[in-house]
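Presented below is the structure to which this report refers.
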Amino acid sequence: MIQKLLMKFNFAHPSTVWLALTVFLSACGPSNNSTSGAIPIGIAVAQTSNVALLGQEQVAGVKIAETYFNAKGGVNGTPIRLVFQDTAGDEAGAINAFQNLLTKGKVVGIVGPTLSQQAFGADPIADRAKVPVLAPSNTAKGIPQIGDFVARVSAPVAVVAPNSVRAALKINPQIKRVAVFYAQNDAFSKSETEIFQQTVKDQKLELVTVQKFQTTDNDFQTQATAGINAKPDLMIISGLSADGGNLVRQLRELGYKGLIIGGNGLNTSNIFSVCKALCNGILIAQAYSPEHPGAINQEFRSAYQAQYKKEPPQFSAQAFTAVQVYVEALRTIDAQTKVAQKALPDLRVALNQTLLKGQYDTPIGAISFTPEGEIVQKDFYVAQIKMDADGVNGKFTFLK
Ligand code: 1QQ
């Protein structure tokens, strides 16, 4: 058969023959089974670029999960091992990271990428390869619908974002006029602004202007001036952290005094160094509270506090949760057939099927999935940023 194969491809040079033989043999051999040691889980998030302001918190969350679950015996005695691939901030980086994890990393599943914009590019690759993807922070409309192998632990903008508008109205019931800003080159920002704009209408508020920018912009004078001239009493920003933070700073420097809502892209203390004291007062809806009752959140919170000397942020909690879902689904599979005895392609398919059926008690609360891979989650919150007068340190205070 090998001879036939070689003849068919008309391989002439001996080294080509050797290469073909090795490829052929390794495709049939026991190396199909990747899990003789620790079980590799791929982590594809932004460790560099602007988006690392968000991705860093995800790295923190998954590392805490690795230590936590391995200390509890991993998958029925077999440890997990995280395999990191930096996606940086764009689609090309995410695609490259996914490809490396699928082929070289031989991972059972992937946690990533950081942005919805990246997910729409990279997730179809994992889906075609039948490798599960758990989105730790992709909140745009349409993520679970990318394919059968894509699910998310990050509740969608439609569920999370309206909470911040309701909170703003509670703080200031006089709000009537709303200005909206969004990054037009980012899938999440476009999806989130649609929800914000719909919420403004549903609340019978007046949308006085819609201003667009790019996530790569630094200078927002044009949009900030147009926004202020429309005389809003609430401004809502859908962008990422560096651009969003800069826009807040410039709005305040130009004299805007009303409430500001930031979307999920501003949901990190890493914006403090961008807008400093002027970050004060930003309202941001949350899919996690450090105060969520429940043993696993208390353990996660203590581990995070011990290492970082502050409360864990949403992106860390969601990233921890994604690893937890893999670990618990792997335990279920392993209880029936040892994971180490399964061929990698079969394990990946079983993992996807099993994780979608499970119920999980996580730091973000009790969660499960719809058959399509959408998260089912109960508890949502709104936080407000409180900056110290020095403009260096601040915190997210949760509203009642
Ligand atoms: C998305 C997001 C980002 C702001 C999370 C980092 O929600 O891209 O969907």
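Counting starts at 1 for both ligands and their atoms, in listed order.
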In the protein, what heavy atom is nearest to atom 8 (O) of ligand 1, and what distance, to one decimal place, separates them?
S116 N, 2.8 Å
Show the atoms of ligand 1 that are less than 4.0 angstrom away from any heavy atom in A140.
9 (O)
Of all the atoms in ligand 1, which lie at a distance below 4.0 Å from a heavy atom belonging to F315?
5 (C), 6 (C)
Please could you name the atoms of ligand 1 that N138 approaches to less than 4.0 Å, counting only its heavy atoms?
9 (O)
Do I271 and S241 touch side chain to side chain, with heavy atoms closer than 4.5 Å?
yes
With a distance cut-off below 6.0 Å to the six-membered ring centre and an angular limit of 45° from the axis, does K141 pair with F188 as a cation-pi contact?
no
Side-chain contact, heavy-atom cut-off 4.5 Å: F380 with Q286?
no
Among protein heavy atoms, which sits nearest to atom 7 (O) of ligand 1, and what does the distance come to when rounded to 0.1 Å?
T139 OG1, 2.7 Å
Less than 4.5 Å apart, any side-chain heavy atom of K130 and any of R348?
no
Should you measure from each heavy atom of G265, which atoms of ligand 1 turn up under 4.0 Å away?
4 (C)
Close side-chain approach of I364 and Q314, heavy atoms under 4.5 Å:
no
Per-atom contacts of ligand 1 with T114, taking only distances under 4.0 Å to non-hydrogen atoms:
5 (C), 6 (C)
Starting from atom 3 (C) of ligand 1, locate the nearest protein heavy atom and write down its residue, its atom name and how far away it is, to 0.1 Å.
S137 O, 3.7 Å
